[in-house]
Amino acid sequence: MTGEFMYLMRLIGCEVQGKALPLAQKKLDWNRLMILAREQTMDILAACALRQVPHAHCPMSAEELRVHVIRNHMRKREIIGLLEKMEKEGLQGVLLKGFAVGEEYPVPDLRISADTDIWVLPENEKCACAFFRANGFAVQRRAPRSHHRICVHPQMGIVEVHIALYETIVEKIWLKGCSMIREPFQKMQTEAGRFFTLGVTDHLLFLSIHMAKHFINSGISLRMMLDVGLYIQNHMLEIDWPRYWDTLHNSSFCAFMRVVLGTMVAFFGFSKERFPPFSQPSQEDMGLFLQDLEEGGWLGKNDLRNREQGLYAYNRAQIMKTAGQAGYFRYMLRWQSKEWLAAAFPSKEYMKEKYLVVRKHSWLLPAAWFHRTFFRSLGAIGSGVAIKRIITDRTSLPQSAKRRMDMFTKFQML
């Protein structure tokens, strides 16, 4: 772990807790520190803090910082206004993380949200999509295995409309079918308007398991850790702690979360009394975790292709616990069959969206269908793309994927 990364964690930890900011260190590369902050989606918060540290150099100007904050605030007002409009039209939209957890920050607008996640009941998905189209969003089709669809607006950006909190394989295999929503929704009133979000323990579980899911997928970010840390700090007395830790234990994420919380105490400056019951992880575990976090960048994007192989190996290990090798192959073939069929036989609407020639000349649709079904399917089979998520054994994994699998084992996630 570099000095810049260590200073960044202390800097943003002190900033969100209102503590005295760490003194500037001459040996630090400030440009490198801001690159790391940007990779962790913490550049706005870090820049705001750096501008208050004597003798520190902040590469981001005050004007640039102001523009980012104003844009985020305007988008928040538009999104919350959209949720209020949904409610008036009889549609229940529940805001997940994002602007909802941003309210836990001392200055909510410094918690920049790249996109917005809104959960709706599965039976309301079509109505929700019609609502977003009517309000200027381009609504994309939902992939066969996906639990959300993407809606894009020129000003409000990306909104993900969820019909479930997690993908099927996460709910059924990782979480063993455990129910994640047990509390009434909270109605939050903010200066930007009001909206519904998950109950206190439900939301903390969602933030924690969402982070664990991304950790297994490819990696997490410092912002995810701050979200959880601040949420716990602000709602410590409202959280159903036995349910929280029992649920994490059931999903094998207990040791991982203890490493996360221990890291926040050791490097962000959080008080261990705010994380009951606190159990100090080893320096070795925190070192492995932080090395993976710094090297991977935001959600592991710096090494995404290799890290994805670790995810596929994790799925294999989880399924084989109960189903064995043959059961794993059956499950994965069944799990991917919908995706294969959708790719080989796409809908008429998708073909018109994807191919300009079909949009202009609808009579060419059969030819385009044949080309995609025959040649694209053969190409996917020949290149191995069609079965890339099916792992036969660990020996063929890239080194970084093997290291991550070893880390999953060490953190008792397998």
Side-chain angles (χ1 to χ4, degrees), residues 1 5-19 22 40-42 45 97 100-102 104-106 111 174-175 180 198 200-217 219-294 296 298-300 404 407-414:
M1 179 173 57
F5 198 69
M6 188 180 297
Y7 183 85
L8 174 62
M9 287 188 287
R10 179 65 66 178
L11 178 74
I12 60 177
C14 290
E15 173 69 7
V16 298
Q17 295 177 86
K19 294 183 176 180
Q40 298 291 331
T41 61
M42 284 277 98
L45 185 63
K97 54 190 184 69
V101 78
E104 309 300 331
Y105 286 66
R111 199 276 188 192
W174 298 13
L175 304 180
M180 291 293 119
L198 298 175
V200 172
T201 305
D202 283 351
H203 210 165
L204 177 59
L205 278 168
F206 174 71
L207 292 171
S208 302
I209 294 172
H210 179 78
M211 178 166 57
K213 183 198 79 168
H214 274 291
F215 180 69
I216 294 165
N217 282 359
I220 62 170
S221 69
L222 293 178
R223 189 182 69 187
M224 286 182 173
M225 296 172 66
L226 269 188
D227 287 351
V228 169
L230 288 172
Y231 199 89
I232 291 175
Q233 183 172 269
N234 295 341
H235 299 278
M236 187 182 72
L237 299 178
E238 304 165 69
I239 295 163
D240 182 344
W241 288 108
R243 180 194 163 204
Y244 177 74
W245 287 113
D246 285 349
T247 303
L248 292 182
H249 178 77
N250 182 63
S251 53
S252 303
F253 296 152
C254 215
F256 165 73
M257 278 308 303
R258 294 196 187 281
V259 172
V260 170
L261 297 179
T263 300
M264 299 197 71
V265 170
F267 295 93
F268 288 73
F270 279 76
S271 170
K272 64 182 180 181
E273 284 73 24
R274 308 297 291 182
F275 298 149
F278 181 77
S279 175
Q280 181 65 47
S282 69
Q283 289 294 325
E284 181 186 0
D285 285 354
M286 288 192 293
L288 285 171
F289 171 70
L290 289 172
Q291 180 183 354
D292 182 81
L293 182 59
E294 181 176 5
W298 181 71
L299 307 187
R404 301 199 88 237
M407 186 165 54
F408 298 157
T409 302
K410 189 170 179 55
F411 293 172
Q412 301 169 34
M413 303 176 86
L414 284 171

Please report the interatomic distance [atom1]([X]) to [atom2]([Y]), rounded to the nearest 0.5 Å.
{"X": "Met1", "Y": "Leu288", "atom1": "CE", "atom2": "CG", "value": "11.5 Å"}
{"X": "Arg243", "Y": "Asn250", "atom1": "CZ", "atom2": "CG", "value": "12.0 Å"}
{"X": "Leu204", "Y": "Leu198", "atom1": "CG", "atom2": "CG", "value": "11.0 Å"}
{"X": "Leu8", "Y": "Gln40", "atom1": "CG", "atom2": "CD", "value": "7.5 Å"}
{"X": "Gln233", "Y": "Phe270", "atom1": "CD", "atom2": "CZ", "value": "5.5 Å"}
{"X": "Tyr231", "Y": "Ser208", "atom1": "OH", "atom2": "OG", "value": "10.0 Å"}

Is there a donor in the side chain of Glu273 and an acceptor in the side chain of Ser271, or the other way round, less than 3.5 Å apart?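 Ser271 and Glu273 do have a side-chain donor-acceptor pair below 3.5 Å.
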Only one of Thr263, Thr41, Leu293 passes side chain to side chain contact (heavy atoms under 4.5 Å, CB included) with Leu222; say which it is.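 It is Leu293, the one option of Thr263, Thr41, Leu293 that forms the side chain to side chain contact (heavy atoms under 4.5 Å, CB included) with Leu222.
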Considering all heavy atoms of both residues, which atom of [X] and which atom of [Y] are nearest to each other, and what is their separation?
{"X": "Leu175", "Y": "Ser251", "value": "CD2-CB, 3.6 Å"}
{"X": "Ser221", "Y": "Trp298", "value": "CB-CD1, 3.7 Å"}
{"X": "Pro281", "Y": "Arg258", "value": "CG-O, 3.6 Å"}
{"X": "Phe411", "Y": "Asp285", "value": "CZ-O, 3.6 Å"}

Is the shortest heavy-atom distance from the side chain of [X] to the side chain of [Y] under 4.5 Å?
{"X": "Arg111", "Y": "Leu230", "result": "no"}
{"X": "Tyr244", "Y": "Met257", "result": "yes"}
{"X": "Met180", "Y": "Phe206", "result": "no"}
{"X": "Met224", "Y": "Leu207", "result": "no"}
{"X": "Arg274", "Y": "Gln17", "result": "no"}
{"X": "Met6", "Y": "Leu290", "result": "no"}
{"X": "Phe253", "Y": "Met211", "result": "no"}
{"X": "Met236", "Y": "Pro276", "result": "yes"}

Here's one to test your reading of the geometry: is the NZ or CZ of Arg404 within 45 degrees of the ring axis of Phe215 and under 6.0 Å from its centre?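 Cation-pi check for Arg404 and Phe215: passes.
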Please report the C-alpha distance between Glu284 and Lys410 in whole Å, then the side-chain angles of each, then the deciding distance to 0.1 Å, and finally whether the side chain to side chain contact (heavy atoms under 4.5 Å, CB included) criterion is met. CA-CA 10 Å; Glu284 181 186 0; Lys410 189 170 179 55; 3.6 Å; yes
More than 12 heavy atoms of other residues, nucleotides or ligands under 6.0 Å from NE2 of His235: is that the case?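 Yes, enclosed.
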Does Thr201 offer a backbone N or O that forms a donor-acceptor pair with the side chain of Asp240 under 3.5 Å?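 The answer is no, because no donor-acceptor pair under 3.5 Å joins these two groups.
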Relative to each other, are the rings of Phe289 and Phe256 parallel, tilted or perpendicular (30° and 60° limits)?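 Geometry flag for Phe256 against Phe289: perpendicular rings.
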What do the steps show when you test Ile209 against Trp174 for side chain to side chain contact (heavy atoms under 4.5 Å, CB included), and what is the final call? CA-CA 10 Å; Ile209 294 172; Trp174 298 13; over 6 Å; no
